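Written below as structure tokens is the structure these notes are about.
Note that this is a predicted model, so its numbers are computed, not measured.
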Amino acid sequence: MRKDFYVFRHGETDLNKEGRWQGSGMDYELNETGLVQAQGLIDKLKNKGLEIIFSSPLKRAFQTAEVVGKALNIPVTVKTDLRECFYGDAEGQFIADLQKQMPEIVNNWANPEYFDIRFPNGESKKEALDRVLAALIELTSEDFNTAGIAIHGGTMAAMLNCLHYDFDKLANCAVFHLVYENGAWHIDGDVF
């Protein structure tokens with residue numbers, strides 16, 4: 001059995017623009033730039049054969065999924081466990097301030113060797129990754145061949161780390177092709 005997933009990050013929010021750390025406790029809508037970015041996803045995904053989009057329940061991901069789903073005439077279904085990591089005390093804080101207050105966490109968050117890292121009172125990167133991967137495993141039993149997955153930068157980066165994909169930064173509305181085949185995950189191609 002093979003399932004193809006096109007995993008994409010949501011468009012920009014005002015918190016992204018302001019340089020704030022945004023997690024599952026920060027439920028902001030897309031700003032004007034984010035809506036334009038979501039429109040740009042249509043061209044990226046229109047020839048991929050998507051049958052459905054599964055989305056995080058957070059507004060920024062769901063709005064992005066709705067823009068694509070409406071344009072491609074496919075349904076969007078919310079899956080709660082696709083939400084972003086909960087960053088605890090870091091949520092809503094300026095990244096520059098966190099860099100000064102908790103440099104060991106901020107500097108190592110994207111490091112693939114640090115999966116148990118967490119902000120105070122928050123979820124670890126491993127806990128969030130395990131939750132999202134479990135949700136994706138559940139989705140493999142549903143009746144589709146190719147689906148879109150609307151998620152967040154933190155959980156998307158954790159998946160790429162887990163699959164040993166080297167990247168610098170994930171832009172809003174970045175996409176990667178995730179394949180589940182014979183009980184294993186792999187990335188097909190580059191992030192685009």
Side-chain angles (χ1 to χ4, degrees), residues 1-20 22-24 26-85 110 128-129 132-133 135-136 139-140 142-181 185-192:
M1 169 188 69
R2 175 180 167 131
K3 297 283 184 174
D4 289 89
F5 297 93
Y6 286 88
V7 181
F8 56 91
R9 185 179 179 203
H10 62 79
E12 183 185 81
T13 68
D14 285 341
L15 290 186
N16 293 136
K17 187 176 181 178
E18 294 169 4
R20 292 180 184 264
Q22 187 174 210
S24 65
M26 307 299 293
D27 199 8
Y28 280 71
E29 294 184 354
L30 299 178
N31 61 22
E32 287 184 33
T33 299
L35 289 168
V36 170
Q37 291 168 334
Q39 288 289 328
L41 269 174
I42 297 165
D43 282 341
K44 289 182 177 183
L45 297 172
K46 69 181 178 187
N47 296 320
K48 303 301 183 189
L50 299 186
E51 300 159 61
I52 189 169
I53 298 173
F54 299 102
S55 176
S56 158
L58 298 174
K59 292 174 187 172
R60 56 197 183 267
F62 186 70
Q63 280 184 295
T64 304
E66 279 191 313
V67 167
V68 175
K70 184 176 180 181
L72 301 182
N73 197 30
I74 56 174
V76 175
T77 300
V78 170
K79 294 293 183 183
T80 304
D81 284 342
L82 294 177
R83 70 190 178 279
E84 177 63 294
C85 184
L129 175 64
V132 170
L133 288 177
L136 291 176
L139 293 177
T140 63
E142 296 209 14
D143 188 25
F144 68 86
N145 293 314
T146 306
I149 303 290
I151 62 169
H152 305 272
T155 48
M156 191 170 172
M159 282 197 301
L160 291 168
N161 284 164
C162 175
L163 295 167
H164 308 289
Y165 184 89
D166 189 27
F167 63 97
D168 289 324
K169 186 177 176 178
L170 294 172
N172 289 100
C173 292
V175 181
F176 74 94
H177 181 192
L178 180 65
V179 177
Y180 183 76
E181 192 170 24
W185 296 101
H186 71 271
I187 296 171
D188 187 10
D190 294 322
V191 174
F192 59 98

The test is side-chain contact (heavy atoms from CB on, under 4.5 Å); show your working for Phe176 and Leu170 and say whether it passes. CA-CA 10 Å; Phe176 74 94; Leu170 294 172; over 6 Å; no
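Smallest separation of non-hydrogen atoms from Cys162 and Leu129: CB-CD2, 3.7 Å. Nearest heavy-atom pair, Leu178 versus Met159, reported as atom, atom and distance to 0.1 Å: CD2-SD, 4.4 Å. The minimum heavy-atom distance between Thr64 and Cys173, with the atom names listed, is CG2-SG, 4.2 Å. Taking each heavy atom of Ala135 and Asp81 in turn, the nearest pair found is CB-CB, 3.9 Å. Taking every heavy atom of both residues into account, His152 and Ser56 meet most closely at NE2-OG, 2.7 Å. Here the shortest heavy-atom pairing between Glu181 and Arg2 reads OE1-NH1, 3.7 Å.
Counting only heavy atoms from C-beta outward, the side chains of Ile74 and Ile52 never approach each other to under 4.5 Å. The side-chain heavy atoms of Tyr6 and Lys44, taken from C-beta on, include no pair separated by under 4.5 Å. Side-chain contact between Leu72 and Lys46 is present, with at least one heavy-atom pair separated by less than 4.5 Å. Between Tyr28 and Leu58 the shortest side-chain heavy-atom distance does not fall below 4.5 Å. Glu29 has its side chain within reach of Gln63: a pair of non-hydrogen atoms, C-beta onward, lies under 4.5 Å apart. At a threshold of 4.5 Å between non-hydrogen side-chain atoms, the residues Ile149 and Leu139 count as touching. Residues Thr155 and Leu82 have side chains not in contact (no heavy-atom distance under 4.5 Å, counting atoms from C-beta outward).
Screening Val175, Leu160, Ile151 for a side chain to side chain contact (heavy atoms under 4.5 Å, CB included) involving Val7 leaves a single residue, Ile151.
Judged by distance alone, with hydrogens and angles left aside, the side-chain atoms of Gln37 form a donor-acceptor pair with the main-chain N or O of Glu12 at under 3.5 Å. Of the possible donor and acceptor atoms, one in the side chain of Arg60 sits under 3.5 Å from a partner among the backbone N and O of Met26. Between the side chain of Lys48 and the backbone N or O of Thr146 there is no donor-acceptor pair closer than 3.5 Å. Using modelled atom types, one side-chain atom of Asn172 and one backbone atom of His10 make a donor-acceptor pair closer than 3.5 Å. Side chain of Tyr180 to backbone of Leu136: no donor-acceptor contact under 3.5 angstrom is found.
Atom CG of Asp143 and atom CG of Asn145 lie 8.0 Å apart (nearest 0.5 Å). Interatomic distance, Thr13 OG1 to Glu18 CD, rounded to the nearest 0.5 Å: 8.0 Å. With rounding to the nearest 0.5 angstrom, the OG1 atom of Thr77 is 7.5 Å from the CD atom of Glu142. With rounding to the nearest 0.5 Å, the separation of CG in Asp27 from CZ in Phe62 is 11.5 Å.
Asp43 CG: more than 12 foreign heavy atoms inside a 6.0 Å radius.
No cation-pi contact links Lys79 to Phe5, judged by a cut-off of 6.0 Å to the six-membered ring centre and 45° from its axis.
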